[in-house]
Amino acid sequence: MTDFEPKIVAFLCNWCSYRGADLAGTSRMKCAANVRAIRVMCSGRVEPAFILRAFELGADGVLVLGCHPGDCHYAEGNYKALRRMMLLKRMLKQLGIEEDRFRLDWVSASEGDRFTHVVNDMTEKVRALGPFKAREEAKVA
């Protein structure tokens, strides 16, 4: 299973985590290339259905990164994301999707090193789990 490279979809907040990813890139920090970034205006705009759809379409893991609580450009968007994702985690468990395949975390625009740490950690955890086999079971009709 050493040939397995996980496909990870990451929803990145435009104001913080996307810019943290940009800082990591311009600073030439070592970061796993397994993440496919989707820029959203706010982590609070990420619907749980987006995460389920990502798994359905072939993602081995999904990452949602937003501004640190209290620093949201839209005041409370990251708190909304936190509430939604806590409920989603329960639902993923009921669907038989391992907990380490999904992660919500906070990365500011000045934290390129934190972005690389989160991405590398997520990649290693998903790589250890292996390919997502429950795709057919997790499909939403």
Do you reckon L63 sits in the same ILVMFWY cluster as Y18, going by side-chain contacts under 4.5 Å, direct or chained?
yes
4.5 Å side-chain heavy-atom contact, F115 and L12:
yes
CG of L57 to NZ of K7, rounded to nearest 0.5 Å, is 10.5 Å
Are there more than 12 heavy atoms of other residues, nucleotides or ligands under 6.0 Å from atom CZ of R84?
yes
Can you name the closest pair of heavy atoms from A109 and L23 and give their distance?
O-CD2, 3.6 Å
Test: side-chain hydrogen bond (donor to acceptor under 3.5 Å, both in side chains). Region: residues 108-118. Which pairs qualify, not counting sequence neighbours?
H68-E111, D105-R114, S108-S110, S108-E111
Rounded at 0.5 Å granularity, tell me how far CZ in R45 sits from CG in N14.
13.5 Å
From R103 atom CZ to L65 atom CG, the distance as rounded to the nearest 0.5 Å:
8.0 Å
Of the non-hydrogen atoms in V126 and F4, which two are nearest, and what is the gap between them?
O-CE2, 3.8 Å
State whether the side chain of N34 and the backbone N or O of I8 hold a donor-acceptor pair below 3.5 Å, judged by distance alone.
no
Are V62 and M85 connected in a single hydrophobic cluster, I mean Ile/Leu/Val/Met/Phe/Trp/Tyr linked by side-chain heavy atoms less than 4.5 Å apart?
yes
Quick check: do K89 and E99 have side-chain heavy atoms less than 4.5 Å from each other?
yes
If you look at every heavy atom in A59 and V9, which pair is closest and at what distance?
CB-CG2, 3.8 Å
Quick one, L104 and L88 - any side-chain contact, counting heavy atoms below 4.5 Å?
no
Give a yes or no on this: more than 12 heavy atoms of other residues, nucleotides or ligands lie within 6.0 Å of atom CZ of F102.
yes
Pairwise distance CG(L92) to CG(L87) - rounded to 0.5 angstrom:
11.0 Å
Main-chain N/O of A24 paired to S27 side chain as donor or acceptor, under 3.5 Å
no
Tell me whether V107 is reachable from Y79 by hopping between hydrophobic residues (I, L, V, M, F, W, Y) whose side-chain heavy atoms are closer than 4.5 Å.
no
So, for V64 and S43, which heavy atoms are closest and what is the spacing to 0.1 Å?
CG1-CB, 4.3 Å
Salt bridge (Lys or Arg N to Asp or Glu O under 4.0 Å) filter on E76, not counting sequence neighbours, yields none
Cluster link I38 to L52, ILVMFWY, side chain under 4.5 Å
yes
Closest non-hydrogen atoms of V119 and C31, given as atom of the first, atom of the second and distance, are CG1-SG, 3.5 Å
Who else is in the cluster with Y74 when I, L, V, M, F, W and Y are joined by side-chain contacts under 4.5 Å?
W15, M41
Distance-only, no hydrogens or angles: does the D60 side chain make a donor-acceptor pair with backbone N or O of P131 under 3.5 Å?
no
Cluster question for you: counting only ILVMFWY and a side-chain heavy-atom cut-off of under 4.5 Å, with indirect links fine, are I97 and F11 together?
yes
Working to the nearest 0.5 angstrom, can you tell me the gap between C67 SG and N78 CG?
6.0 Å
Assess whether a salt bridge exists between E5 and R127, defined as any Lys/Arg side-chain N lying under 4.0 Å from an Asp/Glu carboxylate O.
yes
If I compare all heavy atoms of R101 with all of M122, which pair ends up nearest, and what's the gap?
O-CE, 3.3 Å
Gap between atom CD of E56 and atom CD1 of I51 - 0.5 Å precision:
13.5 Å
